[in-house]
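The structure appears right after this line, and notes come after that.
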Amino acid sequence: MDIEQLIVDEEYVNFRLDVFLSKKYEDKSRSYIQKLIEEEKIKVNDKIKKSNYKLRLNDVITVNIPETQELVVEPENIPLNILYEDEDIIVVNKPQGMVVHPAPGNYNGTLVNALLYHCKDLSGINGVARPGIVHRIDKDTSGILVVAKNDRAHKKLAEQLKEHTMKREYIALLEGRLKSDEGTIDKPIGRNPKDRLKMGVVEGGKKAVTHYKVLERYEKNTLVKCILETGRTHQIRVHMSYIGYPLVGDPIYGFKRSKFSLNGQMLHAKKLGFIHPSSGEYMEFESDLPDYFKEVLRKLS
């Protein structure tokens, strides 16, 4: 455990505790700092404070940063569809059916296992099970992800996610014919109180905003483009189900029976745009719809 003491000077009076520390530790994300505060590894004047504590002149902040755990996730020689790579980032096109990072029940065959085989250096901000993972998409959602190779790149990308400046565009196939040509769903998302394994639109949930636009209408289905303003768990799936047009093939929020033989929801992360963490240049990547998605659309046509 690396212990350090910081004293607040006039420049940082009235700063939030987590904001101050994220400025002092530029290689750590604000979410990681908040996690340390919640775990009581950070104290102000020997007392436990919350992330939103406003600093006072000469406050003494004691910071205990745990030693990085030895990575136990095994590298696996799994093919990756890499769209771009440099010393800071890797942009990959994830196939449907691949879990992004290890979790109970899925410790092998994940994107992280594949990344560790391909690249020995990944950011450690999100711990031993999620090295490099800045954002995630569901197992049965295909499409583009950006992965950070170092903590500095991770922090820069995470800030863009938090500030909603990262462009994330999805293609989804819905059950039913959506009447409106475009719209915005601004409904909070949290754990479904009746089923803790599901997410739902719930009062007191986290703010969630999805913009959608109809691309094509079929006899009993609608193809839409969805742009995420926020990135909550299952956001598009929950929001579309909430307005009465769940995703085709969605095993959790969709219809129980589907006319197609599918392995999961018809959702593809088609476009991703962000500011490169080192060059400061805007980069944008796009991936084609996977073959199974194209085949379903061909049948509908």
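Of all heavy-atom pairs spanning E10 and L57, the tightest one is N-CD1, 3.5 Å. Residues V134 and A158 come closest through the heavy atom pair CG1-N, 4.0 Å. Across all their heavy atoms, N221 and L300 have their closest contact at OD1-CD2, 3.5 Å. Of all the heavy atoms in L173 and F293, the pair that sits closest is N-CZ, 4.1 Å. Scanning all heavy atoms of the two residues, the minimum distance from L83 to E286 falls at CD1-O, 4.4 Å. Residue A269 comes nearest to S287 through the heavy atom pair O-OG, 3.8 Å, listed as atom of the first residue, atom of the second, then distance.
Here the side chains of L55 and I61 are in contact, with some heavy-atom distance below 4.5 Å.
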Report the C-alpha separation of D138 and R237 in whole Å, then their side-chain angles, then the decisive distance to 0.1 Å, and conclude whether the salt bridge (Lys or Arg N to Asp or Glu O under 4.0 Å) test is met. CA-CA 10 Å; D138 299 330; R237 298 164 65 188; 2.9 Å; yes
When you look at T141 and Q265, which way does the side-chain hydrogen bond (donor to acceptor under 3.5 Å, both in side chains) test go after all the steps? CA-CA 7 Å; T141 299; Q265 63 275 356; 3.0 Å; yes
For a side-chain hydrogen bond (donor to acceptor under 3.5 Å, both in side chains) check, start with the C-alpha distance between T210 and E229, then their side-chain angles and the critical distance, and finish with the verdict. CA-CA 6 Å; T210 304; E229 190 172 311; over 6 Å; no
The test is side-chain hydrogen bond (donor to acceptor under 3.5 Å, both in side chains); show your working for Y212 and S180 and say whether it passes. CA-CA 10 Å; Y212 65 85; S180 56; 2.8 Å; yes
Verdict with supporting geometry, D59 and N45, side-chain hydrogen bond (donor to acceptor under 3.5 Å, both in side chains): CA-CA 6 Å; D59 272 347; N45 304 324; 2.9 Å; yes
Check step by step if salt bridge (Lys or Arg N to Asp or Glu O under 4.0 Å) holds for E295 and R298. CA-CA 5 Å; E295 179 61 20; R298 187 189 65 77; 2.6 Å; yes
Test side-chain contact (heavy atoms from CB on, under 4.5 Å) on S51 and L17 and set out the steps. CA-CA 5 Å; S51 294; L17 176 60; 5.9 Å; no
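Of the charged side-chain nitrogens involved, none lies within less than 4.0 Å of a carboxylate oxygen, so that D86 and K149 do not count as a salt-bridged pair. Salt-bridge formation is detected for the pair D186/K207: a Lys NZ or Arg NE/NH1/NH2 atom is positioned less than 4.0 Å from an Asp or Glu carboxylate oxygen. In this structure, R217 pairs ionically with D181, as a charged nitrogen and a carboxylate oxygen lie closer than 4.0 Å. Using a cutoff of 4.0 Å between basic side-chain nitrogens and carboxylate oxygens, E175 and K220 are not scored as salt-bridged.
Annotation: the span from H234 atom NE2 to I252 atom CD1 amounts to 5.0 Å, rounded to 0.5 Å. Within the model, atoms OG of S123 and CD1 of I89 stand 12.5 Å from one another, a figure rounded to the nearest 0.5 Å. Considering CG of L161 and NZ of K156, their distance stands at 14.5 Å, rounded to 0.5 Å. Rounding to the nearest 0.5 angstrom, the gap separating the CD1 atom in I171 from the CG atom in L215 is 5.0 Å.
Counting heavy atoms of neighbouring residues, nucleotides and ligands inside a 6.0 Å radius, atom NZ of K23 does not exceed 12 of them.
Of the candidates D140, V296, D250, V296 is the only one forming a side-chain contact (heavy atoms from CB on, under 4.5 Å) with L262. Checking each of K206, R168, Q235 against T230 for a side chain to side chain donor-acceptor pair (under 3.5 Å) leaves exactly one that passes, namely Q235.
Partners of F20 according to the ring-ring contact (aromatic ring centres under 6.0 Å, His included) rule, which considers only residues two or more places apart in sequence or in another chain, are Y12.
Between Y84 and F285, the ring center distance clears the sub-6.0 Å criterion.
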